[in-house]
Amino acid sequence: MPRKDNLDPQPLPRSFFVRDPRRVARQLLGKILVRHSKGLHLTARIVEVEAYLGIEDPAAHAAAGRTLRNAVIFGPPGHAYVYFIYGNHYCLNVSCEPEGKAGCVLFRALQPLSGFEEMARARGIHLRGPQDWPKLTAGPGRLCQAFGITRSRDNNCDLTSPSSELWIGDDHYRVRAISQTPRIGVTKAAEVPLRYFLRDNEFVSGPKATRHSVVHGRAIPVS
DNA sequence: ATATCGATTATCT
DNA sequence: GATAATCGATATG
């Protein structure tokens, strides 16, 4: 039998995103983010995400109600919500839930698969070796810089269409253990565990604090 | 390895 | 006028 991974990534159906962001977040782990534009082809595996719910989630941009900035997360599912933060960085999300209901998943870290040198150039760094690879895409701001993602270019982009410059593909990669912790950097609902990442993956962002993680639904003590 | 801090601006109150 | 879903540099143990 042929292996089912290592295939060209196939787009995800719109229905994939018409669900609670917590389910979408988990299912997005292991999928591939593709940047395909003239003269540039980048791919990287999604290894860390966070779920942001609707207007009832105090940490979500949706909590403020629909504004010009956050309109995409109230719109149709499967579209890119890109925002600018801290005067420096862009962050990438994908809209979830049916149109009219808010919800999204934030991309926090990727594992580069192809286009390493192009990503390094976009990040303005020089790769000395594999130890530098996480600097390319470990962190929501970093991965956007590596992929050249900006609000003016990519906000509202359809991530289910392979003819988009930015889209999400599935190569049937098999995910192993998933860890779950509170979301990073939020001040409201700071304890709610809606951050998901591939356990033991070297490209996950943030301090090594895998404390409070939950693996396969069971609490795992980590010293 | 962890803590603290400054940069810099779109967006909203 | 205040805030922010971050990053990189610096300081310290």
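Naming convention: chains lettered A, B, ... in sequence-line order (proteins, then strands); numbering from 1 in each chain. This is a predicted model, so every value here is computed, not measured.
Side chain of A:Gln180 to main chain of A:Pro193: a donor-acceptor pair is present (N/O by atom type, distance under 3.5 Å, no hydrogens or angles). A distance-only check finds a donor-acceptor pair linking the side chain of A:Ser164 to the backbone of A:Asp158 [under 3.5 Å]. Between the side chain of A:Glu50 and the main chain of A:Ile184, a donor-acceptor pair closer than 3.5 Å is present. Panel note: side chain A:Arg176, backbone A:Leu198; no donor-acceptor pair is recorded below 3.5 Å.
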**OP:** Go through the steps to decide whether A:Arg23 and A:Asp20 satisfy the test salt bridge (charged side-chain N to carboxylate O under 4.0 Å, His left out), and finish with yes or no.
**Re:** CA-CA 6 Å; A:Arg23 289 205 59 206; A:Asp20 186 295; over 6 Å; no
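Stacking of A:Arg19 on the aromatic ring of A:Phe16 is recorded, both the 6.0 Å distance cut-off and the 45° axial limit being met. Figure legend: A:Arg45 and A:Tyr173 shown as a cation-pi pair, the cationic atom lying under 6.0 angstrom from the six-membered ring centre and within 45 degrees of its axis. Judged by the 6.0 Å and 45° rule, A:Arg183 forms a cation-pi pair with A:Tyr52.
If you chain together hydrophobic residues whose side chains sit under 4.5 Å apart, A:Leu159 and A:Ile32 never meet in one group.
At the heavy-atom level, A:Arg69 lies under 4.0 Å from the strands shown only through sugar-phosphate atoms.
Checked for salt-bridge contact, A:Arg35 and A:Glu118 miss the test: no charged N lies under 4.0 Å from a carboxylate O.
The stretch residues 81-103 of chain A participates, sequence neighbours left out, in these side chain to side chain donor-acceptor pair (under 3.5 Å) pairs: A:His61-A:Tyr81.
Non-hydrogen atoms lying under 4.0 Å from DNA chain B are contributed by A:Phe84, A:Tyr86, A:Gly87, A:Asn88, all within residues 83-96 of chain A. Contacts of residues 121-130 of chain A with DNA chain C (heavy atom under 4.0 Å): A:Arg123. Residues of residues 52-59 of chain A that place a heavy atom closer than 4.0 Å to DNA chain C, in numerical order, are A:Tyr52, A:Ala59.
Of the residues A:Asp170, A:Leu33, A:Val175, A:Ile168, the one that meets the side-chain contact (heavy atoms from CB on, under 4.5 Å) test with A:Leu28 is A:Ile168. Of the options A:Ile73, A:Leu53, A:Val24, a side-chain contact (heavy atoms from CB on, under 4.5 Å) to A:Cys96 is made by A:Val24 and by none of the others.
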Original post:
Dot-bracket for DNA chain B: what is it, with Watson-Crick or G-U pairs under 3.5 Å, [ ] where a pair crosses earlier ones, and | for a pair to another strand?
Top reply: |||||||.||||.
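Residues A:Phe17 and A:His79 fail the side-chain proximity criterion, which asks for heavy atoms closer than 4.5 Å.
Donor-acceptor pairing under 3.5 Å is recorded for the side chains of A:Thr181 and A:Arg195.
Protein chain A contacts DNA chain C from C:dA4 to C:dG8, reading 5' to 3' and using non-hydrogen atoms of the protein with a distance under 4.0 Å.
Going from atom CG of A:Asn70 over to atom P of B:dC12 covers 7 Å, rounded to whole Å.
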